[in-house]
Amino acid sequence: IVDIPAEDLTALDLLARRNRWSRAEAVRQSVRKMLADQPSDIDAILDEVCGSWAHLGIDGLAHQQALRAEWDDRSPE
């Protein structure tokens, strides 16, 4: 159950009628659109961390390859 102000409910009903939707479908469409307009958690995380090493002035791929090369240099146990 959702509490929607009367004027918003009237506008929602008009929108639903215009699109030949039920009120429930109009609410579903509205929620879907609102959620689509928001970044997903992964998008927010990527925006926050991508480029976070840029200030170090290192080549990320070269750094990754150097770290992996360490694995090759280990002597067998």
Would you please name every residue forming a side chain to side chain donor-acceptor pair (under 3.5 Å) with Asp37, sequence neighbours left out?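 Partners of Asp37 by the side chain to side chain donor-acceptor pair (under 3.5 Å) criterion, ordered by chain and then number, come out as Lys33.
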
What's the separation between atom CG in Leu9 and atom CG in Leu14, rounded to the nearest 0.5 Å?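 Separation between the atoms: 10.0 Å.
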
Can you list everything that forms a side chain to side chain contact (heavy atoms under 4.5 Å, CB included) with Ala24? Sequence neighbours excluded, please. Ser22, Arg28

Per the salt bridge (Lys or Arg N to Asp or Glu O under 4.0 Å) rule, what does the pair list look like for residues 3-24, sequence neighbours excluded?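 For residues 3-24, and leaving out neighbouring residues, the salt bridge (Lys or Arg N to Asp or Glu O under 4.0 Å) pairs sorted by first residue read Asp13-Arg23.
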
Are Ile45 and Leu35 linked, directly or through intermediate hydrophobic residues, by side-chain heavy-atom contacts shorter than 4.5 Å (ILVMFWY only)?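 Hydrophobic grouping puts Leu35 apart from Ile45.
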
Per the side chain to side chain donor-acceptor pair (under 3.5 Å) rule, what does the pair list look like for residues 56-67, sequence neighbours excluded? none

